[in-house]
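Shown next, in structure tokens, is the structure this report addresses.
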Amino acid sequence: MLPTLRIADLNDAPSPQRIFIVGGGIVGAALAFHLSQNKKGHQIVLIDKCLEKRLGSTGHAPGFVGQLNESSVLTRLAKDTVSEYLTIPGGFNTVGGLELSSAPSGMETLHRRLELAQAAGLPAEIINPETAASLAPDFIDAETVKLGLHFSSDGTANAQVITSYYFDQARSRGVDFVEASVTGFSTTNTRDGNVAQIAAIHTAEGDIDLQGSTVILATGIWTSLLTGTAIGDKASITELPIPIVPVAHPYTFTLSRPHRTGTPYPFVRWLDHHVYARDHGDRDGLGSYDHAPLQLDPVDTAIGAWPSSFDKVLSEATSYLKNGDQFQAKGCNAESDAWEAKRPFNGIFSVTPDNLPLAGQVTGVTNLWMAAAIWVTTAAGTAKLVSRKILGEVESSATSEDERLLEALSPARFQGVGADTLASQALGKYNDIYNRDTQGH
């Protein structure tokens, strides 16, 4: 997609009726789409450093959307998100999700999750090893598992297709797009020295005068860096801690193969081993959370350098799959894009201390909003929620539910907790991402 405006165009005609979305991944695109459905006189402008290629986590997300979560907030947002994705041609494939276990604790978890699914109105069924193996025969050896839990309404989202659809629809409704690398913000202060509002957006291509306009950060793994809360020598634009921690994550593929015929494989997770796999069509993919969490400082893209320790992680992970010997387990730091080349890669994504997104207005800064640390699983639902709040569209009957969700996602919820404590808590959530705390990426 080509930009529709230059920074000079924005500064030549400033207006307080603008809403600036910083970040053009799936969350920023969904915000542009939903805000543009009822602009109420606002000019909506999306800014991203590259409009043609997804450089953030959206560009390499495995795409599984599992709707059930221990958190009722995330379950609600995931269900809302699936409803949105199903309206997008080629955006969502209802292949189902399958969780496996052979350990007593894991099997207990599966039975408990069945009860949670039933309470949430999600179809789920406990199945035996033979039935589980029949759903993904190349992945699963029935002799190695004791119990399965199948979620028939879960599936895989094509984040690239969804993002492009939202971009196109938003553009057709008059949303403007600016290609620029955002580096920070200028602020105005109150009399007691606290930040009052964002006054300008700094970019590598020049500053954008906001004139009181609204700013929404949909900046994923770069959010803490841009807000000044990730490093100590840069002025923060908010007094709130923003504990969005970028972490490393290994993912790999088999070599290319003919497409399978018959019923598509579900997305499969081995709960006891923190491993998951999916069918990508012309090859299979596999990821693992079975390693010590590794915090990173992302630079240009959400694909980081390959730690040599990940070779062992993938080698162990592939041993749990029936066709594990077909996966590439040794990574490298070649110049080419490992995701596009379908080689093992280190995909950076965000974790938070409670594995919930940070979404809503930033307390104390009158024109700053946030929609960050949001996975594909809840992207559309969260963006729609935030958009309703910004535009004041909430109907009285929905107000209490929206407010409940926004309170749980509030960027202010970590106020008063030290940065080191929050970072440690966030990293502590990494290993159980697909087991208990959040179901999708």
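Checking side-chain atoms of T223 against main-chain N and O of A372 turns up no donor-acceptor pair under 3.5 Å. In this structure a side-chain-to-backbone donor-acceptor pair under 3.5 Å is missing from T58 to R54. Using a distance-only test at 3.5 Å, with no hydrogens or angles considered, no donor-acceptor pair links the side chain of T163 to the main chain of Q160. Put simply, the side chain of S102 gets close to the backbone of T144: a donor and an acceptor are under 3.5 Å apart. At distances below 3.5 Å, at least one donor-acceptor pair connects side-chain atoms of S36 with backbone N or O atoms of A32. Side-chain atoms of T318 come within 3.5 Å of backbone atoms of L314 as a donor-acceptor pair (strictly under, hydrogens ignored). No side-chain donor-acceptor contact under 3.5 Å links S424 to the backbone of D420. Of the possible polar contacts, one joining the D272 side chain to the A103 backbone as a donor-acceptor pair under 3.5 Å is found. Judged by distance alone, the side chain of T252 and the main-chain N or O of A329 form no donor-acceptor pair under 3.5 Å. A distance-only check finds a donor-acceptor pair linking the side chain of D48 to the backbone of G24 [under 3.5 Å].
Remark: Y165 OH to E84 CD distance equals 9.5 Å, nearest 0.5 Å. M370 contributes atom CE, which lies 5.5 Å from atom OG1 of T227 (distance to the nearest 0.5 angstrom). We find the CZ-CD distance between R18 and Q211 to be 9.0 Å, quoted to the nearest 0.5 Å. Atom-to-atom distance recorded for L391:CG and N38:CG is 6.0 Å, nearest 0.5 angstrom. In this structure, CD in E316 is found 7.0 Å from CG in D290, a value given to the nearest 0.5 Å. Once rounded to the nearest 0.5 Å, the distance linking CG of L358 with CZ of R413 reads 4.5 Å.
Taking a 6.0 Å sphere around CG of D209, one finds it holds more than 12 heavy atoms contributed by other residues, nucleotides or ligands. At most 12 non-hydrogen atoms from other residues, nucleotides or ligands lie less than 6.0 angstrom from CD of E407. Remark: K342 NZ is packed, more than 12 non-hydrogen atoms of other residues, nucleotides or ligands lying under 6.0 Å away. Within a 6.0 Å sphere centred on CD of Q118, heavy atoms belonging to other residues, nucleotides or ligands number more than 12.
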Subject >> Stepwise side-chain hydrogen bond (donor to acceptor under 3.5 Å, both in side chains) check, D354 with T352 >> reply: CA-CA 6 Å; D354 55 8; T352 66; 3.3 Å; yes

Original post:
Passes salt bridge (charged side-chain N to carboxylate O under 4.0 Å, His left out), K384 versus D80? Steps please.
Top reply: CA-CA 9 Å; K384 190 173 184 178; D80 290 348; over 6 Å; no

**OP:** Using the side-chain contact (heavy atoms from CB on, under 4.5 Å) rule, take T363 and T238 through it: C-alpha gap first, then chi angles, then the decisive distance, then the call.
**Re:** CA-CA 8 Å; T363 305; T238 171; over 6 Å; no

**OP:** List the steps, then state whether side-chain contact (heavy atoms from CB on, under 4.5 Å) holds for H291 with S309.
**Re:** CA-CA 9 Å; H291 61 89; S309 61; over 6 Å; no

**OP:** Please test I221 against I244 for side-chain contact (heavy atoms from CB on, under 4.5 Å), starting from the C-alpha separation and ending with a verdict.
**Re:** CA-CA 7 Å; I221 60 174; I244 297 176; over 6 Å; no

**OP:** Kindly determine whether F267 and Y276 satisfy ring-ring contact (aromatic ring centres under 6.0 Å, His included), including the steps that lead there.
**Re:** CA-CA 7 Å; F267 192 103; Y276 64 93; 5.4 Å; yes

**OP:** Kindly indicate, with the supporting measurements, whether the criterion side-chain contact (heavy atoms from CB on, under 4.5 Å) is fulfilled by I21 and I44.
**Re:** CA-CA 8 Å; I21 303 166; I44 300 166; 3.9 Å; yes

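Of the charged side-chain nitrogens involved, at least one lies within less than 4.0 Å of a carboxylate oxygen, so that E403 and K389 count as a salt-bridged pair. Using a 4.0 Å cut-off between charged side-chain N and carboxylate O, E401 and R404 make a salt bridge. E70 has a carboxylate O that lies under 4.0 Å from a charged side-chain N of R112, or vice versa, which qualifies the two as a salt bridge.
Counting only heavy atoms from C-beta outward, the side chains of N158 and F92 never approach each other to under 4.5 Å. For the pair L46 and V178, the minimum side-chain heavy-atom distance is 4.5 Å or more. Counting heavy atoms from C-beta outward, I140 and K322 have side chains that stay 4.5 Å or more apart. The side-chain heavy atoms of T109 and E99, taken from C-beta on, include no pair separated by under 4.5 Å. Between L226 and V182, the closest side-chain pair of non-hydrogen atoms falls below 4.5 Å. Considering only heavy atoms from C-beta on, T203 stays 4.5 Å or farther from T183 through its side chain. Side-chain contact between I303 and I348 is absent, with no heavy-atom pair separated by less than 4.5 Å. Inter-residue side-chain proximity for L147 and N128 is flagged as unmet; no heavy-atom pair is nearer than 4.5 Å.
Listed by chain and number, the residues in a salt bridge (charged side-chain N to carboxylate O under 4.0 Å, His left out) with D337 are K53 (sequence neighbours excluded).
For the pair K49 and W222, the cation sits on the ring face: its NZ or CZ lies under 6.0 Å from the ring centre, inside 45° of the axis. For the pair R278 and Y251, the cation does not sit on the ring face, since its NZ or CZ is not both under 6.0 Å from the ring centre and inside 45° of the axis.
Contact record, W339 with G59: NE1-O, 3.2 Å, taken as the closest heavy-atom pair. A pairwise comparison of heavy atoms in V215 and V22 identifies CG1-CG2, 4.1 Å as the closest pair. Annotation for A412 and L240: closest pair CA-CD1, 3.8 Å, computed over non-hydrogen atoms. The shortest heavy-atom contact between S387 and L35 is OG-CG, 3.6 Å. What you find for L98 and A132 is that their closest heavy atoms are CD2-O, 3.9 Å. Taking both residues in full, the closest heavy atoms of L321 and L286 are given as CD1-CD1, 3.5 Å, listed atom of the first, atom of the second, then distance.
Applying side-chain hydrogen bond (donor to acceptor under 3.5 Å, both in side chains) to W306 and the options N346, N333, D311 leaves one that passes, D311.
Side-chain polar atoms of N69 and T75 form no donor-acceptor pair below 3.5 angstrom. One side chain, S153 or Q67, offers a donor N or O that lies under 3.5 Å from an acceptor on the other. Under the 3.5 Å distance criterion, with hydrogens and angles disregarded, a donor-acceptor pair is assigned to the side chains of S186 and H202. With 3.5 Å as the limit, one finds no donor-acceptor pair spanning the side chains of Y265 and D284.
Aromatic ring centres of Y320 and W270 lie farther apart than the 6.0 Å criterion allows. Not less than 6.0 angstrom separates the ring centroid of F327 from the ring centroid of F253. Separation of the W369 and F20 ring centroids does not fall under the 6.0 Å cut-off. Taking the six-membered ring for Trp and the full ring otherwise, the centers of F167 and F177 sit less than 6.0 Å from each other. Aromatic rings from H60 and F349 are positioned such that their centres are separated by 6.0 Å or more. Side-chain rings of H249 and Y289 approach one another, their centers coming within less than 6.0 Å.
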